[in-house]
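Worksheet: one structure, shown below.
In listed order, ligands and their atoms are each counted from 1.
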Amino acid sequence: MPLSRQHFPSNFLWGTATASFQIEGAAHEDGRLPSIWDTFCAEPGRISDGSNGDVACDHYHRWEQDLDLIQSLGLSAYRFSIAWPRIIPTGTGAINEAGLDFYDRLVDGLIARGIQPHVTLYHWDLPQTLQDRGGWENRDTAYAFADYAAVVAARLGDRVKSYATFNEPWCVSILSNEIGHHAPGKQDRKAALAVAHHLHLAHGLALSRLRALNLTSQLGIVLNLTPAYPATDNEADRTAATLADGKGNRWFLDPILKGQYPHDIWEHYGAEVLPNVLPGDLELASQPIDFLGVNYYSRAFVSAGGKTLPEGTEYTDMGWEVYPEGLRDLLVRLHRDYQLPDLYITENGAAYPDVVSEDGQVHDGERTQYLQRHFQSALDAVQAGVPLKGYFVWSLLDNFEWAFGYSKRFGIVHVDYATQKRTVKDSALWLRDFLRVPTPA
Ligand SMILES: N=[N+]=NCCCCNC(=O)[C@@H]1[C@H]2[C@H](O)[C@@H](O)[C@H](O)[C@@H](CO)[C@@H]12
């Protein structure tokens, strides 16, 4: 029997996900002030197609149509992020009621359509005014985040099924401040590790504030995790893979789930770049969470000697290897190595060079294959006893793909940016059929 929703637990949650800066547009509307991504987009050469988030998918004005799309596909959950620059536009201080009103309407619109709202409080759009004061390198920003989180949760309350504090601390710290591909585009390891620590602190501070509201919502965090595989069994490759796993995964998992930084990586980094960890920080960061969101895209194939993947390896349009087995391996490893809360796959999906065909459809067969294979891997993990409770497809819409602008399409719904026309892709039609469980006779 082909893979069916019925192979999964009956209460397994199926959803889709987006993020504020990537879809909303309306960058200068209703009181929103610039984020670090507005600034980053304005710096020549930072975005491959020279684009920005001023319009994006115009979701700020088309949100009702987009929620109808989610409902039409039979998805029961929607993960989206709140733009801090709409809520407290200068980062601290005055609250912008119009910003809260937008998300209030959005949450009610989801509930009216029988779709569970799942909120990410921070998906990279830091108010620029805070960056002007050091951004996440400045410990004060962690406290500003907790204030912002409390304002959002006080308004949206437990209409929201889950609140994730952060999306992908690795991207916010390392990709953005050591590698430099994302805003603010620094290349400074000490800065990156200070950012990572302040995100861990901010997560803890916000958790305490949200817990105090006695919400029924689940509270957690979303980490992008990339399982590292040594190219060969030799010592150099295995050591390199352990280092990659430590820097990419355990540096973020361990503070949150174990209340400590991994000792091997702490030693590897060395005193000059290590963060200033104050007493109590890691106790705050490792408070119990109700769920861990895992964003999985691919594995890391690690070779100390420059060995590459074999001919015939499949890649997505991002150049990421298609490796569904890595999802199962990752989840089984998490289950083995950590005391886990409920797990959700909060992002999984693929970019392909989609076009609208003569027949007006988008025949994205590769994406359907990608999703089918990763659903199967998720099921393998469930059957291995992993407490996996749901899966969110990245992404509902083609959208602003950060440093790649609009040149990469991750949506299960195609967006024609010239007209804002949405076209449901074949992969979404497949997903709709996958979710349509025949009612028992
Ligand atoms: N060097 N290098 N890097 C590899 C970086 C992998 C981590 N990137 C992600 O996980 C991002 C996540 C994000 O939440 C979403 O906003 C993005 O649109 C998707 C697609 O890109 C994924």
Side-chain angles (χ1 to χ4, degrees), residues 15-24 35-37 40-41 46-48 51 53 56-57 59 78-83 118-126 164-183 185-187 192 196 199 221-228 244-245 247-249 251-252 292-302 315-323 326-327 330 344-352 354 367 370-371 374 391-413 415:
T16 188
T18 64
S20 47
F21 192 84
Q22 294 183 269
I23 66 167
E24 286 179 0
S35 72
I36 58 175
W37 272 92
F40 197 67
C41 289
R46 294 292 202 181
I47 311 299
S48 65
S51 64
C57 307
H59 176 75
Y78 175 51
R79 173 180 175 244
F80 62 97
S81 78
I82 310 273
H118 290 260
V119 160
T120 305
L121 289 162
Y122 185 81
H123 199 127
W124 306 356
D125 40 2
L126 184 72
T165 50
F166 290 99
N167 179 73
E168 304 200 342
W170 180 87
C171 286
V172 180
S173 55
I174 306 303
L175 189 56
S176 302
N177 291 280
E178 179 175 354
I179 298 170
H181 289 175
H182 282 194
K186 293 188 75 166
Q187 292 182 313
L199 294 173
I221 189 170
V222 172
L223 304 180
N224 60 296
L225 300 172
T226 304
D245 173 63
K247 292 164 73 174
N249 302 323
W251 193 260
F252 302 93
L292 175 67
V294 176
N295 290 357
Y296 174 81
Y297 285 92
S298 187
R299 68 165 173 175
F301 181 76
V302 183
Y315 299 92
T316 71
D317 200 28
M318 295 293 282
W320 298 346
E321 182 193 4
V322 178
Y323 194 72
L327 176 57
L330 168 65
Y344 291 86
I345 295 165
T346 32
E347 287 181 33
N348 175 245
Y352 288 107
D354 305 320
R367 181 175 289 104
Y370 179 99
L371 294 177
H374 286 80
Y391 172 106
F392 292 77
V393 177
W394 183 268
S395 180
L396 169 67
L397 301 171
D398 292 335
N399 60 53
F400 178 77
E401 178 47 40
W402 308 113
F404 293 93
Y406 298 97
S407 67
K408 303 297 180 188
R409 293 179 177 272
F410 273 89
I412 54 175
V413 174
V415 177

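Just one of Trp394, Tyr391, Tyr296 meets the side chain to side chain donor-acceptor pair (under 3.5 Å) condition when paired with Asn348; it is Tyr391. When each of Asn295, Thr346, Thr120 is paired with Glu168, the side chain to side chain donor-acceptor pair (under 3.5 Å) condition holds for Asn295 and for no other.
Close approach of ligand 1 to Cys171 (heavy-atom distance below 4.0 Å) involves ligand atoms 7 (C), 8 (N). Every atom of ligand 1 is numbered from 1 in the order shown, and the set under 4.0 Å from a heavy atom of Phe410 is 20 (C), 21 (O). In summary, the atoms of ligand 1 found under 4.0 Å from a heavy atom of Gln22, numbered by their order in the structure, are 15 (C), 16 (O), 18 (O).
Judged by the 6.0 Å and 45° rule, Arg299 forms a cation-pi pair with Tyr323.
When all heavy atoms of Gly185 and Arg46 are compared, the closest pair comes out as O-NH2, 3.4 Å. Contact detail for Asp317 and Ser407: the closest heavy-atom pair is OD2-O, 4.1 Å. Scanning both residues, Thr316 and Ala350, for their nearest heavy atoms gives CG2-CB, 3.8 Å.
The closest approach between His123 and ligand 1 falls below 4.0 Å for a heavy atom of the residue. A heavy-atom separation below 4.0 Å is not found between Ala19 and ligand 1.
Separating the OG1 atom in Thr18 from the CZ atom in Phe80 is a distance of 8.0 Å, to the nearest 0.5 Å.
By the 30° and 60° cut-offs, the orientation of the rings of Trp320 relative to Phe410 is tilted.
Between His181 and ligand 1, no N or O atom pair is found at a separation short of 3.5 Å. Here's the thing with Glu347: one of its N/O atoms is less than 3.5 angstrom from an N/O atom of ligand 1.
Annotation: atom 18 (O) of ligand 1 to nearest protein heavy atom, Glu401 OE1, 2.7 Å. In terms of protein heavy-atom proximity, atom 8 (N) of ligand 1 is closest to Glu168 OE1, 3.7 Å. Closest to atom 1 (N) of ligand 1, if we only count protein heavy atoms, is Leu175 CD1, 3.6 Å.
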Practice problem: Any chance you could lay out the side chain to side chain contact (heavy atoms under 4.5 Å, CB included) test for Asp125 and Ile36, step after step, and finish with the verdict? | Solution: CA-CA 6 Å; Asp125 40 2; Ile36 58 175; over 6 Å; no
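Looking at Trp394, Trp320, Tyr297, Phe404, it is Trp320 that brings a heavy atom closest to atom 6 (C) of ligand 1. Nearest-heavy-atom check against atom 3 (N) of ligand 1 across Trp402, Tyr296, Trp170 picks out Trp170.
Residue-level proximity to ligand 1 for Thr226 is absent, since no heavy atom of it falls below 4.0 angstrom.
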